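To start, the structure under review is shown below, and the notes come after it.
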Amino acid sequence: MKDDPRLADIIHPGTDGNVVLLGFPYDEGVARNGGRPGARLGPEKMRAWLRRFGTVYNPELGIDLAPLRISDAGDIDPGLPLEQAHAALIAKVKDILQAGGTPFVVGGGNDQSWPNAQALLDVHESRPVGAINVDAHLDVRPLIDGKVHSGSPFRLLLEDARFSGEHFIEFATQGSQSAKEHVEYVCRRDGHIHWLSEIYMNDDALGWFSAALGRVAWNCDAVFVSFDLDSVRMADAPGVSAPSVMGLRGSEALEIARIAGQNPKVQLFDLSEYNPEIEEERTGRLAASMFYYFCLGVASRKEA
């Protein structure tokens, strides 16, 4: 309707946006890690929930998306072997970054986070890059038979010589989902873990995330925020490969996306593990809402 334009009405095809939506429709990495397949459908279903969602002008927040260029670059070809798909993802994300856009990559499995991070490291070469993994899990498992999987992306990042572990934060991690040796591995690599329990001790998830992002952004030229939807409690996000009764609230996920979008150092955001085969609507609406809130954040950026 002309008097009620929505987010989808201002998204155009291509890669020339300030924010660029990109799909990674793969869940082979989840299967390799023993998880339930279905996340390959995430990009398609997330876009479906975007169609009539999110006012272009948000009167509650006083933010207008109309001046923001938002584009949809489509999906990485779903017919490729996983390793080739990862290479294609690196190339596409690099193209978007080099053109000055901020990629918002929707999976698919969390294995996408390693090629996404590689693209950011390639673009920034010797300059410091930071990363925050919002996730119930640490995702620092070793490779399986030499192959990447959804549990290994941040191990690969921490082992990359271009990346310093002191610029890495695991956020909303759950002790029931994290092996002792994986915790010790992150600590040996100088990474930081913010446990869900300590975040909720003061019931201040947004304050904790803002502070964590501020610390990383202060010391880095660019920041990558990776958000696994299984960090959200299953009451709000049941459609993930590994749902949990504990987790962040859906409203907190939206605000984390907005806070990330608002920071000009955040040059890459990915969203993983939306699994429509397990549950489509509730989690799909949350995923679409997170993209909307990220765009609201970008639209309100004040350059550093």
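Every heavy atom of this structure was used, including side-chain atoms; hydrogens, water molecules and symmetry mates were not. In this text the structure is predicted, and so the values were computed from the model without any measurement.
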Taking atom CD of E181 as the centre, report whether more than 12 heavy atoms of other residues, nucleotides or ligands fall under 6.0 Å from it.
no

Atom of C295, atom of L68 and distance for their closest heavy-atom approach
O-CD2, 3.6 Å

Heavy-atom pair of closest approach, residues A73 and V20:
CB-CG1, 3.8 Å

Plane angle bin for F294 and F269 - parallel if under 30°, tilted between 30 and 60°, otherwise perpendicular:
tilted

So Y185 and L158, do their side chains get closer than 4.5 Å, heavy atoms only?
yes

Which is it for D16 and H12 under the side chain to side chain donor-acceptor pair (under 3.5 Å) test, yes or no, and what are the steps along the way?
CA-CA 9 Å; D16 63 340; H12 63 273; 2.8 Å; yes

Side-chain heavy atoms under 4.5 angstrom apart, residues restricted to Ile, Leu, Val, Met, Phe, Trp, Tyr: same cluster for F171 and L268?
no

Would you indicate whether the side-chain heavy atoms of V183 and W195 approach each other to under 4.5 Å?
yes

State, yes or no, whether a side-chain contact exists between T102 and R301 at a heavy-atom distance under 4.5 Å.
yes

Could you walk me through whether K92 and D77 pass the salt bridge (Lys or Arg N to Asp or Glu O under 4.0 Å) test, one step at a time?
CA-CA 11 Å; K92 181 65 75 172; D77 182 350; over 6 Å; no

Point-to-point distance, once rounded to the nearest 0.5 Å, from CD1 of I76 to CD of Q84
12.5 Å

Do side-chain atoms of S300 reach the backbone of G297 as a donor and acceptor pair under 3.5 angstrom?
yes

When you group the ILVMFWY residues by side-chain heavy-atom contacts below 4.5 Å and let the links chain together, are I256 and I132 in the same group?
yes

Is it possible for you to say whether Y293 and L22 belong to one hydrophobic cluster, with membership spreading through side-chain heavy-atom contacts below 4.5 Å?
no

V140 and its side-chain contact (heavy atoms from CB on, under 4.5 Å) partner, picked from E159, R189, R155
R155

In terms of hydrophobic clustering (I, L, V, M, F, W, Y; side-chain heavy atoms under 4.5 Å; direct or indirect links), are Y200 and V245 co-clustered?
yes

Under 4.5 Å between any side-chain heavy atoms of L120 and V93, yes or no?
no

Should S113 and F224 count as side-chain neighbours, where that means a heavy-atom distance under 4.5 Å?
yes

Aromatic ring proximity, centroids under 6.0 angstrom, W114 and H86
no

Please check: side-chain N/O of K265 versus main-chain N/O of A217, any donor-acceptor pairing under 3.5 Å?
yes

Between N110 and S150, does a side chain to side chain donor-acceptor pair (under 3.5 Å) hold up when you go through it step by step?
CA-CA 5 Å; N110 212 1; S150 66; over 6 Å; no

Got a donor-acceptor contact below 3.5 angstrom from the N33 side chain to the G35 backbone?
no

Looking at CZ of R282 and CE of M234, how far apart are the two atoms once the value is rounded to the nearest 0.5 Å?
8.5 Å

How many angstroms lie between atom CG of L271 and atom CG of D228, to the nearest 0.5 angstrom?
8.5 Å

May I ask you to check whether D230 and H137 show a side-chain donor-acceptor distance below 3.5 Å?
yes

Got a donor-acceptor contact below 3.5 angstrom from the Y292 side chain to the T55 backbone?
yes

All heavy atoms of L80 vs all of Y26, minimum pair found to be N-OH, 2.9 Å

Using 0.5 Å steps for rounding, measure from the CG atom of D160 to the CD atom of Q118.
7.0 Å

N/O donor-acceptor pair under 3.5 Å between Y274 side chain and L286 backbone
no

Do S152 side-chain atoms and V148 backbone N/O form a donor-acceptor pair below 3.5 Å?
no

Contacts of M246 meeting side-chain contact (heavy atoms from CB on, under 4.5 Å) (sequence neighbours excluded), chain-then-number -> Q174, S176, L196, S244

Is a side-chain donor or acceptor of N58 paired with a backbone partner of L61 at a separation under 3.5 angstrom?
yes

Report the residue from L296, V19, I11 that forms a side-chain contact (heavy atoms from CB on, under 4.5 Å) with L65.
L296

I10 vs R69 side-chain heavy atoms within contact, under 4.5 Å:
no

What verdict does the side-chain contact (heavy atoms from CB on, under 4.5 Å) test give for N275 and R40, after you've listed the backbone C-alpha separation in whole Å, the side-chain angles of each residue and the deciding distance to 0.1 Å?
CA-CA 7 Å; N275 189 329; R40 68 189 180 281; over 6 Å; no

Taking everything shown except R51 itself, do over 12 heavy atoms lie less than 6.0 Å from its CZ?
no

Looking at R6 and D4, does any basic side-chain N land under 4.0 Å from a carboxylate oxygen?
yes

Look only at the side chain of S178 and the backbone of G175, and say whether a donor-acceptor pair between them is shorter than 3.5 Å.
no

Nearest heavy-atom pair of A66 and V56: which atoms, and what distance?
N-CG1, 3.6 Å

H124 and Q267 side chains, donor-acceptor separation under 3.5 Å:
yes

hydrophobic_cluster_shared for F154 and L143, side chain cutoff 4.5 Å:
yes

So CD of E166 and NE2 of H192: to nearest 0.5 Å the spacing works out to 7.0 Å

Would you name the heavy atoms of G250 and V232 that are closest together and state the gap between them?
N-CG1, 4.0 Å

Ignoring hydrogens and geometry, is there a side-chain-to-backbone donor-acceptor pair from H149 to P142 under 3.5 Å?
yes

Identify whether the distance between the nearest side-chain nitrogen and carboxylate oxygen of D145 and R32 falls below 4.0 Å.
no

Do F291 and V106 come within less than 4.5 Å of each other through their side chains, counting heavy atoms only?
no

Sub-3.5 Å donor-acceptor pair from the side chain of E255 to the main-chain atoms of E252, do we have one?
no

Considering only NZ, NE, NH1 and NH2 on the basic side and carboxylate oxygens on the acidic side, decide whether R285 and D236 come within less than 4.0 Å.
no

Working for side chain to side chain donor-acceptor pair (under 3.5 Å), residues S241 and E273:
CA-CA 6 Å; S241 300; E273 304 287 353; 3.0 Å; yes

Considering non-hydrogen atoms only, spot the tightest contact between V216 and A131 and give its length.
CG1-N, 4.1 Å

Where do R47 and D72 land on the salt bridge (Lys or Arg N to Asp or Glu O under 4.0 Å) test, with the steps shown first?
CA-CA 10 Å; R47 287 188 180 94; D72 188 342; 2.7 Å; yes

Check against side chain to side chain donor-acceptor pair (under 3.5 Å), D135 and S231:
CA-CA 5 Å; D135 199 335; S231 65; over 6 Å; no

Going by heavy atoms in the side chains, are N133 and I169 under 4.5 Å from each other?
no

